[in-house]
Every structure is written in C-alpha cells, then in structure tokens.
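In what follows, a structure is listed as structure tokens, so that the remarks can point back to it.
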Amino acid sequence: MGSATGPQRQFPSGADYAEALQHTQLCFQHPELKGAHPELTRLGLPRAISGAFASVFSLTAASSGRRYAVKCFTRHVPDQERRYEAISSRLAQLDPAELSQSWNLGFEYLPDAISVGRDRYPVLKMEWVEAVTLSSWLDDNHVHGFAVDRLADRFEALTRDLADHEIAHGDLQHGNLLVASDDTLRLVDYDGMYVPALAGMGGTERGHRNYQSPMRGNDDFGAALDRFSAWVIYLSLKAIAADPALWNRLHEPSGEFLLLTEDDFKNPGGSTRLQALLAHPDQTVSGLADQVRSLAFQPLDVLPPLALAVPRQRAAATTTSTVSAQGTASAPGSGGLPGWMAGHVSPPPAPTPTTLSVTSPDGFHIRAPLDVATAVLWPLTLAASVLMVVLGLAAPSIGPGIPVLVAVALTVFARSRRAERIQSRAVLTKLTNELAQLDDPVKAAEKLRKERAKFDAAEAKRTAAYPRAQAKRTAQYHAELKEAEKRKVSKQREMDKKIDGLSEELRRALAKALTDKQSGYVRNQLGQRLIAHDPPHGIGPKLAARLAAAGIRTAADFTGYRSVQNTQYNSTGAVLVLSSGRVVDVHGIGEAKAIALDVWRRQLVASAEARQPNALTTSERQPIEQGVAHRRAQLTAQRNAVESETDALRVKARKQMEDDQAQLTRGNTLAGDRARQQRQEFSRRTVALQQNSALHGTLSASFEAAKLSRRGLSLVCYLRFLYIGR
C-alpha cells in the first residue's frame, strides 16, 4: 500500500527508481508496464533522463511492444493528481483536425503505480515519440535556412493553437520542444501546464531561466505564461533562418539556450548577443530583437501573444506561401512592413505615383502657319541683305544686319510659340516643383538614424535603470527591516535585563523588609527597658534622674559613648551618644559609668536579637511580591509592545516598498508603451522614407530625361525642322 501523500511526503531519488526498474515484473502492477523492458546504459542499469522534479525512463511493453516514457517523480508537486487530471481532460478535448500539427502527446497519470522499498508512488505514462530536441535539430539543420524558417512558422502555429484553447505550457524551451522526422513539433513535459480548470491555483515552477521574462514571479500562472518565451524562440528561429552563421556565432555547444540567455534579458544594454541581433541588416531579425528587448521588463499579462503579432496566413506551416497575381510577396527589407510588425502598425498608404498628363517631347512635329512664314522669311531676308550690300542702300556697319535680326527675332518667337516648347517647360516645372516638395532622402535617412540612435540609447539606459531602481528599492526595504530588527533587539534586551533583574530586586526588597522588621523589634525591646527600673551596675537613682533629664530614659535612647579628655584636671571623661547622633554630657557619668551603661545596653541588644523574628509573614511579603509582579507585568507588556511596533513597521515598510515597486512598474509599463509607439513611428517613417526615396529617384530620373529631351527643341533643331520637317 502506498503511504499517504501530502506536503511532507518524501520521494525516492532517480537512483532509487533505477534500482526498482531492474525488476519491472515486481515493481509495477499496470498490465502494460509489468514486465516491461527498460532502456539500459552500458553498465546494464535503466537509463534515466533526470529533471528538476522527476526522472524519465524509456520502457517497452512486453505484451504489445509499444514504447512509453515513464516519468517517476523525485519531488513533491502540490495538488499533483488534480493538476494532471485537469491537463489530461483538457488535452483530450482537442480536435486533432483543428490543430496545426500533432504536437500534444497522450499521457496517463497512475497513482500508486510503482513500488520503491516499502511504499508505492505515482508515475506518468506517456507516449514515446521518436524525435530530437530543438537545439539538437538546429545543430544539424541550421545551415538550411528554408527548413529553419518553415520550423519557425510551425512553432508560431503551435503557439497559436495553445492561445486559441487558453492553454499555456509554462516552460517553453529547447528541451521541451521536440522535432519529429517530418519536421513537425512535439511538446513534452506538461508538469507546469496551465489549463482553464486550474485557474486560481499557483504555478509549480518558473520555467527555464534562459527563456523566461525577468518579470515572471512565483505567482504567475495563467494563459499568458508562454508569451515571452514564445517571442524568444521565434526570434531565434527567424534569425537563424535569415543568417545561419548566427548559430555558431551566438550559440555555445551544449549550451542551455538558443541565441539569448537570461543575462541578455536582464541587461539588454550590455548584451553583445542582443546588440548583434538589433544591429542585424535583416529587418525581420532586428525588428523581432527590438520587440523582445521591449517586452523583457513588462508584466506577462500585458505582453502581446506571438499569434496576434504574426499574420495568420503565415501560420500555415505545412503549406507553401502564395503569390498574388500582381506580384510576389514583399521580402523583409524590401520596403514593405516587416512581418513582426503586422497587427501592431497600420501600413502607410501606398504613395500616389507621379504621372504627367503629357510626356516631354523630344522634337518638333507638324509645321504651323507661323513656322511656314518663318521658313519663307529667311531666304527673303538673306536675299534682301545681299541686295542692300550690292546696291549700297544702307550703311555698311548695320544696314545688311537689320533683316537678319528681324528674321532671328521672328524665329525665336515662333519657336517659343510651339506646343512642344510649352509642353517641355510645363513638364520641367512640374518635376521641379514635385522634387522641391520632397525631403532629401539622404538627409532624411541620416536624421532618422540619429533619432533612432538617440532613442535606442535612452531606451537602453531606461531598461537598465528599471531593474536597478527595483533592486535599490528592495535593498532599501531590507535595510529598513534590518534597522527595525536592530532597534527591536536592542529594546528587548533592555527589557529582558530589567525583567531578569526583578528577582534580585525582590530578594533585596524582602531582605530589607526583614531587616527593618528586626531592627524595629530590637528598638521596641530596648525601649521597654527603663534605666530607672533596671539600672546598670553603678547607676543610682540620682544618676538615673540626671540621665532622664538629658533624654536617656531607656536603652533605646542612646547608642554608646565617646571618651573625652579633660585637660583641666588631666583626666578622661565620657559623653553619651543619643539615638539622634547628638552627644550629651551627664554630670556624674564618667568613663567607667559610661562603659557600664554601654555594656548594659549591649547585653539587652544581644538578648533582643536572639529573640527577633527571622522571617516575614505572608501579609508582609504579599505587598512586596505584588509590587514586583506588577513591575514584571509592565515590563513584559512593554517588551511585547516592542514586537508589535516592529511588526507594524515591517508591514508599513513592505506596503511602502510594494507601492513604490508598483509605481516603478506602472512608470516602466507606460514608458514601454511609449517606446513601443515610438518604435512603430520609426518603422512607419522608415517605410515612408523608403517610399520617398524611391519616388525621389523616379522624379529625378524623369527630370533628367526631360532635360535630355529638351535638347531636341533647340534653335538649331527648330531651323532644321522648318526646312526638312524633323
């Protein structure tokens, strides 16, 4: 029987499972797994593919010969059975005809399926697929750009399938994407998969670090889990398809990534890999890299799905691209919008081509009456000039030239009135005006380049500043917690010291009370012994009366004596010390009698001390103990208040940190939105610039052609036209 599952359950290791699988007829009860043959290593042990949560073994059923992948769990997964039941149910509902390819594999969750030691544990029985991991496939096929590009389209189609059915794999990466022999994809490892039935539950893993957004947290679990990793994988495949050399340039042999790593997402400004993709001449590659960079610091639920960013017609990965009757589809970099921008940027309207109402003529055609008159005038002019010279009818200097000048003026006028000349001037004027209205493509391109470089630098600075600001605020929060904890410990130590001192304080108070009680008893006993009634040796009634007159009636009225020297008589006398400390000189009391009085008193003190009480009564102890207990309660309450105050400071500091972090996130999200809009504007301007450049070139060529055609309308050509008609 299997032990009860629960949060604290310990699972066997991969080695424990391998040992149990040496005897499948004993460890399994399932009919297809019982007696199955595991794939073995060179040492004859079952071969294991180990992961973070489980070890996978390949077993071939003895009865049917079918091969299965059996996943044996090495760590506890919360709500494991419920999760697999929900995932299995959702995948079973998928219609294979509606999927782009057969990417989902059948599996069966078997509780208490395998015996290891004295306990039984669950396993996951999955179909075995003959395929290789995506990275292994790229090792062999990265040089075939067309095949890689087709696989990229198939991957996009797979993500579209997942999005359409509100499913997220949770750990899209090269090891969980297998490429079958027909170059279609298979998706494996459904441990962290999200399906709608699991809404509200937490995730069990965070996915491979080289494919996940830096913003993904432990609480992220929903249909948007795959969005960032989908962009990363699609960028890698499209980049390799466009430039196969990138695989050897950016990928490391046996590296746990395709082209980009976790560090590239966290620090895009300092990433040589990402910068190489951003600077790539292929617009699709640079555009996708720019998109990944902008998505790295945005929350998962606001990321655009890859399926919505790629034109749907490209999702047909198993069909070839169609070409319209008007021409072929635009390739990246050919002047059209890059594919990665589809759905985000509305393509600008195609510019209206410049069409001239008439073309620039390259010669004269059909003589007009004015042309005929001009042609007739020239022979007459020349004849008149010769005749004037022969007859001498005009001054030799200018006379003969007058008719020629008239003919030249008429010729120039006639040529200017020709429709061809008027049409040529109109064409040149129109082309000149249209060229004047267009920006210089070279200057416009340089301006756009500088603006884009400035924007990229600012974005790199912003994206690098955001995690630093988050880390700084988190460090500030931890510093506040540390300071609050330090103050708490200091105050609690002070309170503990006072509380610990209460026992000594109680002892001293009780000792003082007992001492005071004993002193009072002794004083009372001494006060009852009158000198007159029980005089010491040598003290008569007269001396007793004198002592009483001096204030000494009982043994309690004095404490002793002091010897004094009488210099007048050269003798030693004595004075008595009263209880108040004052000394009195009693006539007749010399040193001998003072000693007698002191001895008498000492005897009485000793007798009283022998009979004095040696303990306090309960009524005497109770007020003292209650006072100390009250003091202890006050100090304990103060100590507890320190803990409560510290808890309040922690809550306040955490709330402030969360508010600040949320504000930073909102600011970064808004900045990311603005940056995305700016990138779209740059892309729109790039396309417009390409179209403007093409239009500028067309107009410039037309202008030069018009100027060349105008040479056929020169004065010499006109004169030739007048007489030979062309």
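Computed from a prediction, not measured in an experiment: that's the story for all the values here.
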Taking the basic N atoms (NZ, or NE/NH1/NH2) and the acidic carboxylate oxygens, is any pair closer than 4.0 Å for [X] and [Y]?
X	Y	result
Asp191	Arg83	no
Glu643	Arg639	no
Lys491	Asp496	no
Glu504	Arg507	yes
Arg650	Glu485	yes

Which pair of heavy atoms, one from [X] and one from [Y], lies closest together, and at what distance?
X	Y	value
Val522	Gln612	CG2-OE1, 3.6 Å
Ala544	Ile531	CB-CG2, 4.4 Å
Ser579	Ala556	OG-O, 2.5 Å
Ala513	Leu616	CB-CD1, 3.7 Å
Leu260	Leu274	CD2-N, 3.9 Å
Cys27	Leu21	SG-CD2, 4.2 Å

So, taking the atom named [atom1] in [X] and the one named [atom2] in [Y], what distance separates them when rounded to the nearest 0.5 Å?
X	Y	atom1	atom2	value
Leu649	Glu480	CG	CD	9.5 Å
Leu576	Leu547	CG	CG	6.5 Å
Gln634	Leu502	CD	CG	10.0 Å
Asp171	Asp189	CG	CG	6.5 Å

Is [Y] close to [X] at the side-chain level, that is, under 4.5 Å between some pair of heavy atoms?
X	Y	result
Glu81	Pro122	no
Tyr17	Thr74	yes
Val292	Phe228	yes
Asp456	Arg293	yes
Glu645	Lys488	no
Glu505	Arg508	yes
Asp673	Thr669	yes
Arg473	Met657	yes

| request: Please report the C-alpha distance between Tyr109 and Gln80 in whole Å, then the side-chain angles of each, then the deciding distance to 0.1 Å, and finally whether the side-chain hydrogen bond (donor to acceptor under 3.5 Å, both in side chains) criterion is met. | output: CA-CA 9 Å; Tyr109 180 78; Gln80 181 172 256; 3.1 Å; yes
[X] side chain vs [Y] backbone, donor-acceptor pair below 3.5 Å:
X	Y	result
Asp557	Thr554	yes
His208	Phe257	no
Arg206	Arg216	yes
Ser89	Glu85	no
Arg75	Phe53	no
Gln638	Leu635	no
Arg227	Leu303	yes
Trp231	Pro304	yes
Asn210	Glu262	yes
Asn267	Asp264	no

| task | Evaluate the side-chain hydrogen bond (donor to acceptor under 3.5 Å, both in side chains) criterion for residues His630 and Gln626: first the C-alpha distance (whole Å), next the side-chain angles of each, then the deciding distance (0.1 Å), finally the verdict. | result | CA-CA 6 Å; His630 179 68; Gln626 288 178 345; over 6 Å; no
| message | Pair Glu459, Arg462 - check salt bridge (charged side-chain N to carboxylate O under 4.0 Å, His left out), show working. | response | CA-CA 5 Å; Glu459 272 299 283; Arg462 180 187 69 81; 2.8 Å; yes
| remark: Exactly one of Val586, Ile539, Ile589 clears side-chain contact (heavy atoms from CB on, under 4.5 Å) with Arg546, and that residue is Val586
Before we go on, tell me: are the rings of [X] and [Y] under 6.0 Å apart, centre to centre?
X	Y	value
Tyr121	Phe11	yes
His174	Tyr211	yes
Phe107	Tyr190	yes

Would you tabulate the side-chain donor-acceptor contacts of residues 602-611 under 3.5 Å, counting partners in other chains and residues two or more places apart, or write 'none'?
residue : atom : partner : partner atom : Å
Arg602  : NE   : Asp598  : OD2          : 2.8
Ser607  : OG   : Arg611  : NH1          : 2.4
Arg611  : NH1  : Ser607  : O            : 3.0
Arg611  : NH2  : Gln525  : OE1          : 3.1

| request: Start with the C-alpha gap between Asp647 and Ser644, add the side-chain angles, then the distance that decides, and say whether side-chain hydrogen bond (donor to acceptor under 3.5 Å, both in side chains) holds. | output: CA-CA 5 Å; Asp647 288 341; Ser644 300; 5.5 Å; no
Could you check whether atom [atom1] of [X] has more than 12 heavy atoms from other residues, nucleotides or ligands sitting under 6.0 Å from it?
X	atom1	value
Gln492	CD	yes
Asp500	CG	yes
Gln22	CD	yes
Lys266	NZ	no
Glu166	CD	no

| Would you call the rings of Phe73 and Tyr84 parallel, tilted or perpendicular, where under 30° means parallel and over 60° means perpendicular? | tilted
| request: With side-chain contact (heavy atoms from CB on, under 4.5 Å) as the test, would you mind laying out the steps for Thr559 and Arg601 before giving the verdict? | output: CA-CA 8 Å; Thr559 59; Arg601 182 182 180 282; 4.2 Å; yes
| request: Kindly indicate, with the supporting measurements, whether the criterion side-chain contact (heavy atoms from CB on, under 4.5 Å) is fulfilled by Lys71 and Val56. | output: CA-CA 4 Å; Lys71 174 175 284 190; Val56 179; 4.0 Å; yes
| task | Dump the intermediate steps for side-chain contact (heavy atoms from CB on, under 4.5 Å) on Val564 and Thr572, then the final yes or no. | result | CA-CA 6 Å; Val564 294; Thr572 301; over 6 Å; no
| message | Would Thr665 and Tyr466 count as a side-chain hydrogen bond (donor to acceptor under 3.5 Å, both in side chains) here? Give the steps. | response | CA-CA 8 Å; Thr665 300; Tyr466 173 67; 3.1 Å; yes
| salt bridge (charged side-chain N to carboxylate O under 4.0 Å, His left out) involving Glu252 - partner list, sequence neighbours excluded | Arg273
